[in-house]
Amino acid sequence: MWIGAAWGALSISLLLIPGTAIAGCKDPANIGVDWHGCNMQMVMLDKTDLTGANLEGSFLSGSIFAGSRLAKANLQRAELVRTSFEGADLSGANLEKALAARALFTGASLRQTRLVKAEFHRVNFEGADMGGSDLTEGDFIRNSFANADLTGAVMVGSTLPRSIFHGAKLQGVSMQRAYLYWARFEGTDLSQVKDLTQEQINVTCGDQNTKLPQGLVAPKHWPCGED
């Protein structure tokens, strides 16, 4: 009896402590839903309003969020393997340390989105609006940013090998210490990218239509062959 009463009291006290409430994994999709740590794999959630939802540490692989609203959602450390966010609104969302592979963010809004230390492999951001997003120290291996708007984004210390930037808007982007091995900048305007060095440019790919910041020159191996 005493043990049962003590456990009941402890459970009640935990519910009263902010941040200790158990996630409602069976709660219906809604604004501000708390699915942190939940297994929501292979779920159809297209055109769903999940504004401000807590999806921290959730397993979302294979799920569809096409056209959904996830503005200011918390997706820290979420697993996003083959997850689709095509045309979704993730503006102001937090994807710090999220893990993604072959995920789709084509045409999505990721303005002011936090992607710090994210690990994204072969992820497609084609045509996405990523203005002001923070990709500091993230791993973005073989990602496609073709025709994406990255105006004012921060890519300090990001790892971007073999990523594609054809037609991307890169005005005001900081690429200080970014690792750009074989990154594809053919036909891309880099003239207003900040903190680029000749050493970085020397390991990239470009062509006669690539515009470089003042003082930098195209390396002799341009144009590169097919990767």
Side-chain angles (χ1 to χ4, degrees), residues 21-135 138-150 153 158-160 162-169:
I22 299 173
C25 296
K26 294 184 178 180
D27 290 349
N30 210 336
I31 296 172
V33 69
D34 185 0
W35 286 342
H36 75 269
C38 295
N39 186 344
M40 305 298 292
Q41 299 183 77
M42 305 295 289
V43 176
M44 299 293 291
L45 291 165
D46 50 313
K47 298 182 179 179
T48 303
D49 194 346
L50 296 167
T51 302
N54 183 10
L55 302 168
E56 181 174 357
S58 295
F59 299 92
L60 307 172
S61 294
S63 290
I64 306 295
F65 294 89
S68 292
R69 298 179 181 177
L70 292 125
K72 299 187 182 300
N74 180 8
L75 290 104
Q76 293 182 77
R77 294 185 294 278
E79 182 182 284
L80 309 171
V81 178
R82 296 186 182 274
T83 308
S84 174
F85 294 95
E86 292 184 274
D89 180 7
L90 292 121
S91 54
N94 187 353
L95 286 89
E96 182 171 352
K97 296 183 179 179
L99 173 64
R102 297 187 181 275
L104 296 176
F105 290 85
T106 50
S109 175
L110 294 109
R111 293 191 65 82
Q112 305 295 326
T113 296
R114 184 172 176 84
L115 291 153
V116 174
K117 296 183 178 179
E119 295 184 30
F120 280 27
H121 295 187
R122 293 183 181 272
V123 172
N124 193 336
F125 290 102
E126 291 185 16
D129 183 355
M130 304 180 72
S133 55
D134 189 351
L135 295 82
D139 288 339
F140 301 96
I141 300 170
R142 288 184 180 271
N143 286 203
S144 177
F145 299 96
N147 299 311
D149 187 348
L150 287 149
S158 293
T159 303
L160 297 154
R162 288 183 161 84
S163 286
I164 298 169
F165 291 88
H166 300 160
K169 296 179 181 178

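Being a predicted model, the structure only gives us computed values, none of them experimental.
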Taking all heavy atoms of [X] and all of [Y], pick out the closest pair and write down the distance.
| X | Y | answer |
| --- | --- | --- |
| S158 | F140 | OG-CE1, 4.2 Å |
| T51 | I31 | O-CG2, 3.4 Å |
| F145 | A168 | O-CB, 3.5 Å |
| A153 | L135 | CB-CD1, 4.4 Å |
| T83 | S61 | OG1-CA, 3.5 Å |
| L75 | A98 | O-CB, 3.8 Å |

Measuring from atom [atom1] of [X] to atom [atom2] of [Y], what distance do you get when rounded to the nearest 0.5 angstrom?
| X | Y | atom1 | atom2 | result |
| --- | --- | --- | --- | --- |
| N54 | D34 | CG | CG | 4.5 Å |
| I64 | M42 | CD1 | CE | 8.0 Å |
| R142 | R122 | CZ | CZ | 4.5 Å |
| L115 | F120 | CG | CZ | 5.5 Å |
| D129 | D149 | CG | CG | 5.0 Å |

Given 3.5 Å as the limit, does a donor-acceptor pair link the side chain of [X] with the main chain of [Y], or not?
| X | Y | value |
| --- | --- | --- |
| S68 | L45 | yes |
| T113 | L90 | yes |
| S63 | V43 | yes |
| S58 | M40 | no |
| N143 | I141 | yes |
| W35 | D27 | yes |
| S133 | L110 | no |

Just so I know, are the side chains of [X] and [Y] near enough to count as touching, which here means a heavy-atom distance under 4.5 Å?
| X | Y | value |
| --- | --- | --- |
| F125 | L150 | no |
| N30 | P28 | no |
| Q41 | E79 | yes |

Does R82, at its CZ atom, have more than 12 non-hydrogen atoms belonging to other residues, nucleotides or ligands within less than 6.0 Å?
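No, the 6.0 Å shell around CZ holds no more than 12 heavy atoms from other groups.
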Is a donor from one side chain sitting under 3.5 angstrom from an acceptor on the other, for D139 and T159?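 The answer is yes; a qualifying pair exists.
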(Q) Under a 3.5 Å threshold, yes or no: a donor from one side chain and an acceptor from the other, between T106 and E126? (A)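 Not at all, the side chains of T106 and E126 share no donor-acceptor pair under 3.5 Å.
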- With side-chain contact (heavy atoms from CB on, under 4.5 Å) as the test, would you mind laying out the steps for L80 and V123 before giving the verdict? CA-CA 10 Å; L80 309 171; V123 172; over 6 Å; no
Residue pairs meeting salt bridge (charged side-chain N to carboxylate O under 4.0 Å, His left out), one or both in residues 61-77, sequence neighbours left out, come to D49-R69, E56-R77
Applying ring pair (Phe, Tyr, Trp, His ring centres under 6.0 Å) to F65 and not counting sequence neighbours gives F85
